[in-house]
Colleague: 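Before anything else, here's the structure in question.
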Amino acid sequence: MTAHTQTLLLAGGLAAVLILILVVSTRMMLAARRQPRSRAATEQAYQELAERIAFAQEASAASLSRLQSDFTEMRAKLDAVERVLLEKERKPSEP
């Protein structure tokens with residue numbers, strides 16, 4: 001191999017290394033620019049999710065409150081029926 005060939009190979013290798021450094025640094029800069037946008041989108045998605053969860057929690061609390069009210073009403077009616085049956089049981093039926 002001649003000195004000229006070695007010089008060309010060395011120059012080509014250096015050029016390849018410089019191109020590689022340029023590509024890597026460009027990708028890193030682009031990634032750094034995209035990161036805030038990506039973070040903002042993620043934060044917005046979390047905010048929307050938190051709002052939906054809060055709405056669902058409010059709806060669940062309202063449903064639970066209605067169910068408790070219905071249960072209390074049913075329990076009162078059942079107690080009344082039980083009292084009537086116990087009174088009937090205590091009094092002998094008249095022929």
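Residues take their numbers from the sequence shown, with the count starting at 1.
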Colleague: Atom NZ of K91 and atom CG of L86: how far apart are they, to the nearest 0.5 Å?
Modeller: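 K91 NZ to L86 CG: 12.5 Å, rounded to 0.5 Å.
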
Colleague: Check residues 13-26 and write down every donor-acceptor pair under 3.5 Å in which the side-chain atom is one partner and the other belongs to a residue at least two apart or another chain.
Modeller:
residue	atom	partner	partner atom	Å
S25	OG	I21	O	3.0
S25	OG	L22	O	3.0
T26	OG1	L22	O	2.7

Colleague: Each residue besides V81 in its hydrophobic cluster should be listed here, by chain and number; the cluster joins Ile, Leu, Val, Met, Phe, Trp and Tyr at side-chain heavy-atom distances under 4.5 Å.
Modeller: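 V81 clusters with L85.
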
Colleague: Less than 3.5 Å apart, which donor and acceptor atoms pair up between the side chains of residues 39-54 and the rest of the protein, not counting sequence neighbours?
Modeller:
residue	atom	partner	partner atom	Å
T42	OG1	S38	O	2.9
Q44	NE2	E48	OE2	3.4
Q47	NE2	E51	OE2	3.3

Colleague: Could you give the side-chain donor-acceptor pairs of residues 66-73 under 3.5 Å, partners two or more places apart or in another chain?
Modeller:
residue	atom	partner	partner atom	Å
R66	NH2	S63	OG	3.1
T72	OG1	Q68	O	2.8
E73	OE2	K77	NZ	3.3

Colleague: Can you check salt bridge (charged side-chain N to carboxylate O under 4.0 Å, His left out) on R75 and D79, steps first, answer last?
Modeller: CA-CA 6 Å; R75 186 74 213 172; D79 289 344; 3.3 Å; yes

Colleague: For R34, what residues pass the salt bridge (Lys or Arg N to Asp or Glu O under 4.0 Å) criterion, not counting sequence neighbours?
Modeller: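 For R34 there are no salt bridge (Lys or Arg N to Asp or Glu O under 4.0 Å) partners, ignoring immediate neighbours.
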
